[in-house]
Amino acid sequence: MAEHSAPPIDQLSAVALNDDVSTYKSLKAEFSDRVPIRTIVCRPDGGSGLAGHKVRVGGWVKTGRKADKDAFAFLELNDGSCPQNLQVIIEAAVADLGQIVPTGTCVVVDGVFKLPPPDKHQKIELRAEAVVHVGPVDPARYPLPKTKLTLEFLRDFVHLRPRTNTISAVARIRNALAYATHTFFNKHGFLYIHTPIVTTSDCEGAGEMFQVTTLLSEAERLEKELIKNPPPSEAEVDEARKIVKEKGEAVSNLKASKASKQEIGASVSELKKAKENVARLEERAKLKPGIPEKDGKVDYGRDFFARQAFLTVSGQLQVETYACALSSVYTFGPTFRAENSHTSRHLAEFWMVEPEIAFADLQDDMNCAEAYVRFLCQWLLDNCLDDMKFMADKYDRTCIDRLKLVSSTPFVRTSYTEAIEILEEAIKKGKEFENKVEWGIDLASEHERYLTEVVFKKPVIVYNYPKGIKAFYMRLNDDSKTVAAMDVLVPKVGELIGGSQREERFEVIRDRIKEVGLPLEPYEWYLDLRRYGTVKHSGFGLGFERMLLFATGIDNIRDVIPFPRYPGRADL
């Protein structure tokens, strides 16, 4: 890293800009001494109105090249604030050009905005007067050259891939969707509830959960401890017991001979120490290497939480406790699934948005889900269009049209039974599916996409699913065959949202827990919500990464989360 002497930005503002200090300060980042590139190039005039102003900018070199026999260099600088770069021209007299042109170099530059020649695509460029900072890069070792790189290649460099155009655009889109999520639910009176990452409940009942335990580390620690300090032998314990017996007899003899209080007290003290020593030895003698067991099973009573614990697969059950007190709530956080899947649609760690609404039935739930998805799509069109244009250009030319379609079109609503009939009718007409179609199946992605992309050509909400393929907490319908569940299906990804009206009847949900083979004890607290002041309520979960796949058109879910976790990989 090289640092260069330069005036502080406040001094630069006052001296260099004179009457235009207010203009400069309106551009400057509030918590750093630079002007974000976004505030320059994303102006309606592309920055041309800033010509003549002096500024300080910082960023990383996307591309750099020397020109005019190394008299100066052109840099394409990006600071991550937007997809566009700022062109910076630096003369050889200002800085060592060889040090600043390599891709990946970080530079902070003071300079003056100039209008480029009329035939150039950029509306403004910066002529450098001083290079304040250089974070150099060795081009021979830098793993991200300026050549086109595949997203698969970039997964090996998760710590550097945010510097690429695609991953930085995904990060901004992801941020926009997160902000839109909080905006939507706050606008509609929902409270944001932080649900636990560590849980003792299996929301899905699938059993594919990561276990949280200290038994393994404790077993390793104990094994090392026993090697270093072996437990006492049976003979050593017997010898200590013999000493206790002798000390006890000595106390009895002193009392019988009516010895002084001082003598008896001293003897009792020795007896106490001998008993404490025996207790310690007996406790250590019980220590055995390995996982503690009880009745032939792992003894989780000796684990950190004194019971089995897992990483959550959903915050839904916990957030229901607040819905049954605060009415409208939502949680938004990471969830985990120990599913050994390598598909482009699965992650071991992913984020879920899960609202829960008291006094709401399935219709209310579907209305909320549709409004939320349409809000997200419109938000990206209104606030992230430059990044969406990049995605349309590089990955999916239909992604912006898809957002416009979803944001402006009422969703189709059809029952599960009707959806199966539509698919069966398509098969009769010659359509072939890889997965079997019959009443009772869980719709496959190809079925969902056929409904949204071919039949209806818009988002579809399928509701009233067979109870056998849905979770225990979904409300049983009057036919006793289906539950009040719904899935929101969208083009490109299929299922985006899964939700339901929750079963509020105590006896019914108790019997459903038993029916699916789950133990009642871990769910007693959940049953309490039905025992005491039960209320009709509904909710849903949106897979945040799936929303990103839908929005961006990127194919692999590992490329829309900052730090993907999947079987065999958990980098950083």
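Just so it is clear, the model here is predicted, and its values are computed rather than measured.
Counting only distance, with no hydrogens or angles, the side chain of D571 and the backbone of F157 share no donor-acceptor pair below 3.5 Å. The closest donor-acceptor contact from the side chain of T452 to the backbone of E448 lies under 3.5 Å. A donor-acceptor pair under 3.5 Å links the side-chain atoms of S81 to the main chain of R38, judged by distance alone. A side-chain donor-acceptor contact under 3.5 Å links R161 to the backbone of P562.
Salt bridge annotation for R221-E225: absent, with no cationic side-chain nitrogen under 4.0 angstrom from a carboxylate oxygen. The residues D45 and K123 are annotated as not salt-bridged, no charged nitrogen and carboxylate oxygen being separated by less than 4.0 angstrom. Salt bridge R127/E125: present, at least one basic N to carboxylate O contact under 4.0 Å. A salt bridge does not link D110 to K54: none of the charged nitrogens lies less than 4.0 Å from a carboxylate oxygen.
Listed by first and then second residue, the salt bridge (charged side-chain N to carboxylate O under 4.0 Å, His left out) pairs involving residues 60-87 are R34-D79 (not counting sequence neighbours). Residue pairs meeting the ring pair (Phe, Tyr, Trp, His ring centres under 6.0 Å) criterion with at least one partner in residues 83-130, sequence neighbours excluded, are absent.
No side-chain donor from either of Q316 and E354 sits under 3.5 Å from a side-chain acceptor of the other. In this structure, a donor-acceptor pair under 3.5 Å is present between the side chains of T195 and T331. No hydrogens or angles considered: nothing links the side chains of T105 and Q99 as a donor-acceptor pair under 3.5 Å.
For the ring pair (Phe, Tyr, Trp, His ring centres under 6.0 Å) test, no residue two or more places apart in sequence or in another chain qualifies with Y395. The side-chain contact (heavy atoms from CB on, under 4.5 Å) test applied to A169 returns R172, D387, F390, M391, not counting sequence neighbours. Residues satisfying the side chain to side chain donor-acceptor pair (under 3.5 Å) test with D156, not counting sequence neighbours, are R569. Remark: D396 pairs with T398, R402 by the side chain to side chain donor-acceptor pair (under 3.5 Å) rule, at least two apart or across chains. Scored by the ring pair (Phe, Tyr, Trp, His ring centres under 6.0 Å) test, Y450 finds F433 as partners (sequence neighbours excluded). With sequence neighbours excluded, the residues satisfying side chain to side chain donor-acceptor pair (under 3.5 Å) with N435 are E446. Here D555 pairs with K492 under the side chain to side chain donor-acceptor pair (under 3.5 Å) rule; sequence neighbours left out. Listed by chain and residue number, E208, R337, S341, H346 satisfy the side-chain contact (heavy atoms from CB on, under 4.5 Å) test with E339 (two or more places apart in sequence, or in another chain). Listed by chain and residue number, F184, F185 satisfy the ring pair (Phe, Tyr, Trp, His ring centres under 6.0 Å) test with Y372 (two or more places apart in sequence, or in another chain).
In this structure, Y192 has its ring center under 6.0 Å from that of H182.
Separation of atoms CD1 (I167) and CZ (R155) is listed at 9.0 Å; rounding is to 0.5 Å. For the atom pair CG (N367) and CD (E370), the distance works out to 7.0 Å, reported to the nearest 0.5 Å. Put simply, CG on L376 and OG1 on T181 are 5.0 Å apart, with the number rounded to the nearest 0.5 Å. Between the CD1 atom in I90 and the CG atom in L75 there is a gap of 4.5 Å [rounded to 0.5 Å].
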Let me check something: any side-chain donor-acceptor pairs from residues 209-217 under 3.5 Å, sequence neighbours excluded? List them with distances.
{"residue": "Q211", "atom": "NE2", "partner": "Y300", "partner atom": "OH", "Å": "3.0"}
{"residue": "T213", "atom": "OG1", "partner": "L215", "partner atom": "N", "Å": "2.9"}
{"residue": "T213", "atom": "OG1", "partner": "D303", "partner atom": "OD1", "Å": "3.2"}
{"residue": "T213", "atom": "OG1", "partner": "D303", "partner atom": "OD2", "Å": "2.7"}
{"residue": "T214", "atom": "OG1", "partner": "D303", "partner atom": "OD1", "Å": "3.2"}
{"residue": "S217", "atom": "OG", "partner": "T214", "partner atom": "O", "Å": "3.0"}

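Between W60 and C106 the shortest heavy-atom distance is NE1-CB, 3.6 Å.
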